[in-house]
Novice: 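I'd like to ask some things about the structure below.
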Amino acid sequence: MAHNVETMAYNFSNNEKPWHGLGVAVDGLMTSEDAIVKAGLDWSVEKRVVYQGLPDGTQLEIDNQFALVRNTDHKVLGMGTGRYTPIQNKDAFEFFDTIVEAKEAMFETAGSLREGEIVWMLAKMPTYMQVGHGDVVENFVLLSNGHNGKQSIQLALTPIRVVCNNTLNWALKGNKNKVNIRHTTNARANMMIASESMGIIKKQAVKIEELYAEMFKKQLTSESMDAYFKAVVGESTQAENTIMEINRLVEVGAGTDLKGVRGSLWGAYNAVTEYYDHYKNYQERTNKLEAIWLGSGATSKEKAFEKAVVLL
């Protein structure tokens, strides 16, 4: 599958095929078990002892090092130490069932990246934001779990602007926009605690909507807009090319025809997010979907939000 997306399923109740047409269509992902099976995530990870081959042909067990192996095809997904406890996909995602049953969110898509190293579920909340004159931003909750021995379980509010499908990564100074849970023997208990974070996420959504409204009201001069882009992207030769493309999106990007968007800080911020979601050529090891949700693209968009808030 393209973009290093190994397997994926999505809810096609809205009759749209998300994420570049990837995945298997499912008419309503009602439970985590359904989502896991349809998305091809019904496998487990186990720790296996690692050996070093010696010149005399014997093998020496390496102390406190384990290979993290997928049981279905014996693929090594990463390495872990003695304390590392693989959190299975079922355990990582099952707390979403309580959220779905309470109608606080509905499964939207699920899948795996990098041949199983990272898995995710995206759930759509019933609430949404409206910025300015009908510019709708829907609220999603993104849960990701790493099997590579490096990434913790993360739960994050992920607003998505409908008109352009931009993922509006954000970070408020002094506040974490993600819940991180380490892979230890206590991780499963922590997942139950993470389910309580939905209340926190709802409060975050209210605060973010207020900031989006202020960004919409804030008009920028050409000089202040250029300074904003430089603060986000930098001032190298490569950055100049990036800013040139972002300036183009300020004028003709998705949603710029909506009343009040062009010339506002909201419009400038969304020009940045549109660039990193739809136009940047990611040449790093991570694929595009991972980059815009979890990698360098996500970091750049969080910086764009941070610098925008400074201007309010």
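All of these numbers come straight from a predicted model, not from anything done at the bench. Note: hydrogens, waters and symmetry copies are ignored here, and every other heavy atom, side chains too, is used. We number each residue from 1, following the sequence as shown.
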Novice: As an exercise, state the distance from CE of Met215 to CD1 of Ile208, rounded to the nearest 0.5 Å.
Specialist: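 Output value for this atom pair is 9.0 Å.
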
Novice: Group every Ile, Leu, Val, Met, Phe, Trp and Tyr by side-chain heavy-atom contacts under 4.5 Å, then state whether Met106 and Tyr128 land in the same group.
Specialist: no

Novice: Check Ala298 against Asn169 and note the closest heavy-atom contact, atom names and distance.
Specialist: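 Reported closest heavy-atom pair: CB-ND2, 3.2 Å.
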
Novice: Are Lys307 and Phe305 in a cation-pi setup, meaning NZ or CZ lies under 6.0 angstrom from the ring centre and within 45 degrees of the ring axis?
Specialist: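 Pair Lys307/Phe305 does not count as cation-pi.
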
Novice: For the pair Glu306 and Lys303, find out whether any cationic side-chain nitrogen is under 4.0 Å from an anionic carboxylate oxygen.
Specialist: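 Salt bridge: no.
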
Novice: Just verifying a value: how many Å separate Ser112 OG and Leu77 CG, rounded to the nearest 0.5 Å?
Specialist: 9.5 Å

Novice: Passes side-chain contact (heavy atoms from CB on, under 4.5 Å), Tyr279 versus Leu249? Steps please.
Specialist: CA-CA 10 Å; Tyr279 293 94; Leu249 295 173; 3.6 Å; yes

Novice: Quick check on the hydrophobic clustering: are Val69 and Leu41 connected, directly or via other members, by side-chain heavy-atom contacts under 4.5 Å?
Specialist: no

Novice: Main chain of Leu265, side chain of Tyr228: is a donor-acceptor contact present, judged purely on distance under 3.5 Å?
Specialist: no

Novice: Taking the basic N atoms (NZ, or NE/NH1/NH2) and the acidic carboxylate oxygens, is any pair closer than 4.0 Å for Glu46 and Arg48?
Specialist: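 So Glu46 pairs with Arg48 through a salt bridge.
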
Novice: Please check if Val37 and Phe107 belong to a single hydrophobic cluster, counting links between Ile, Leu, Val, Met, Phe, Trp and Tyr side chain heavy atoms closer than 4.5 Å.
Specialist: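 They do not share one cluster, since no chain of ILVMFWY contacts under 4.5 Å joins Val37 to Phe107.
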
Novice: Under a 3.5 Å cutoff, is there a donor and acceptor pairing between the side chains of His147 and Asn89?
Specialist: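 Side chains of His147 and Asn89: pair found under 3.5 Å.
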
Novice: Side-chain contact test, heavy atoms from C-beta onward, threshold under 4.5 Å: evaluate it for Pro159 versus Glu138 and give yes or no.
Specialist: no

Novice: Kindly compute the distance separating CD1 (Ile243) from CD (Glu235), expressed to the nearest 0.5 Å.
Specialist: 7.5 Å

Novice: Quick check: do Asn64 and Tyr84 have side-chain heavy atoms less than 4.5 Å from each other?
Specialist: no

Novice: Are Lys230 and Asp226 close enough for a salt bridge, meaning some N to O gap below 4.0 Å?
Specialist: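 Salt bridge: yes.
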
Novice: Fit a plane to each ring of Tyr212 and Trp266, take the angle between them on a 0 to 90° scale, and name the class: parallel (under 30°), tilted (30 to 60°) or perpendicular (over 60°).
Specialist: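 Plane angle between 30° and 60°, so tilted.
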
Novice: Using salt bridge (charged side-chain N to carboxylate O under 4.0 Å, His left out), reason through Lys217 and Glu214 one step at a time and then give a plain yes or no.
Specialist: CA-CA 5 Å; Lys217 295 175 183 177; Glu214 292 183 39; over 6 Å; no

Novice: Using the side-chain contact (heavy atoms from CB on, under 4.5 Å) criterion, which residues pair with Val163? Sequence neighbours excluded.
Specialist: Asp135, Arg161

Novice: Would you compute the distance between atom CG of Asn145 and atom CD1 of Ile153 and round it to the nearest 0.5 angstrom?
Specialist: 4.5 Å

Novice: Could you tell me whether Lys301 and Asp277 have a side-chain N and a carboxylate O separated by less than 4.0 Å?
Specialist: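 Looking at Asp277 together with Lys301, the answer is yes, because their closest N to O distance falls below 4.0 Å.
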
Novice: With the threshold set at 4.0 Å, does a side-chain nitrogen-carboxylate oxygen contact exist between Lys202 and Glu104?
Specialist: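 Salt bridge: yes.
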
Novice: How close do Pro126 and Ala105 get, counting heavy atoms only, and between which atoms?
Specialist: CD-N, 4.2 Å

Novice: Please determine whether residues Leu312 and Leu220 belong to a single hydrophobic cluster, defined as Ile, Leu, Val, Met, Phe, Trp and Tyr linked transitively by side-chain heavy-atom distances below 4.5 Å.
Specialist: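 Cluster IDs for Leu312 and Leu220 match.
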
Novice: Is there a side-chain contact (heavy atoms from CB on, under 4.5 Å) between Met125 and Val141? Walk through the geometry before answering.
Specialist: CA-CA 7 Å; Met125 298 169 64; Val141 181; 3.6 Å; yes

Novice: Specify the closest pair of heavy atoms between Ala239 and Val233, including all atoms of both residues, with the distance to one decimal.
Specialist: CB-CG1, 3.6 Å

Novice: If you define the side chain from C-beta out and look only at heavy atoms, does anything of Tyr276 sit under 4.5 Å from Ile292?
Specialist: no

Novice: Sequence neighbours excluded, which residues qualify as side-chain contact (heavy atoms from CB on, under 4.5 Å) partners of Lys47?
Specialist: Phe66, Leu68, Pro86

Novice: Would you mind reporting whether Leu60 and Tyr51 have side-chain heavy atoms less than 4.5 Å apart?
Specialist: no

Novice: Quick one: pull up OG in Ser144 and CD in Gln154 and give me the separation to the nearest 0.5 Å.
Specialist: 4.5 Å

Novice: Between Ile160 and Asn165, is there a side-chain heavy-atom distance shorter than 4.5 Å?
Specialist: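 Sidechains of Ile160 and Asn165: in contact.
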
Novice: Could you walk me through whether His278 and Asn166 satisfy the side-chain hydrogen bond (donor to acceptor under 3.5 Å, both in side chains) test, starting with their C-alpha distance in whole Å, then the side-chain angles of each, then the deciding distance to 0.1 Å, before giving a yes or no?
Specialist: CA-CA 8 Å; His278 301 288; Asn166 288 356; 3.1 Å; yes

Novice: Indicate yes or no: at least one non-hydrogen side-chain atom of Leu122 is less than 4.5 angstrom from one of Trp293.
Specialist: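 The answer is yes, as the side chains (C-beta and beyond) meet within the 4.5 Å cut-off.
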
Novice: Looking at Asp63, I'd like to know if its CG atom is crowded, meaning that more than 12 non-hydrogen atoms belonging to other residues, nucleotides or ligands lie closer than 6.0 Å.
Specialist: no

Novice: Should Met121 and Thr109 be marked as a side-chain contact (heavy atoms from CB on, under 4.5 Å) after you check the CA-CA gap, both sets of side-chain angles, and the distance that decides it?
Specialist: CA-CA 6 Å; Met121 272 190 185; Thr109 184; over 6 Å; no

Novice: For the residue pair Ala268 and Phe229, what are the closest heavy atoms and their distance?
Specialist: O-CE2, 3.6 Å

Novice: Hey, could you give me the CG/CZ distance between Leu168 and Phe140, rounded to the nearest 0.5 Å?
Specialist: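 That separation rounds to 11.0 Å.
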
Novice: Using the rule that two of Ile, Leu, Val, Met, Phe, Trp, Tyr join whenever any of their side-chain heavy atoms come within less than 4.5 Å, decide whether Ile246 and Tyr282 are in one cluster.
Specialist: yes

Novice: Check this for me, if you would: do Lys90 and Glu33 make a salt bridge, where the nitrogen-to-carboxylate-oxygen distance has to be below 4.0 angstrom?
Specialist: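 No, Lys90 and Glu33 are not salt-bridged.
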
Novice: List the steps and the verdict of side-chain contact (heavy atoms from CB on, under 4.5 Å) for Trp43 and Val119.
Specialist: CA-CA 11 Å; Trp43 41 264; Val119 298; 4.0 Å; yes

Novice: Going by side-chain contact (heavy atoms from CB on, under 4.5 Å), name the residues that satisfy it together with Gln65, two or more places apart in sequence or in a different chain.
Specialist: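 Applying side-chain contact (heavy atoms from CB on, under 4.5 Å) to Gln65 gives Ile62, Met79, Thr81.
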
Novice: Judged by atom type as modelled, is there a donor-acceptor pair below 3.5 Å linking the side chain of Ser300 to the main-chain atoms of Ser296?
Specialist: yes

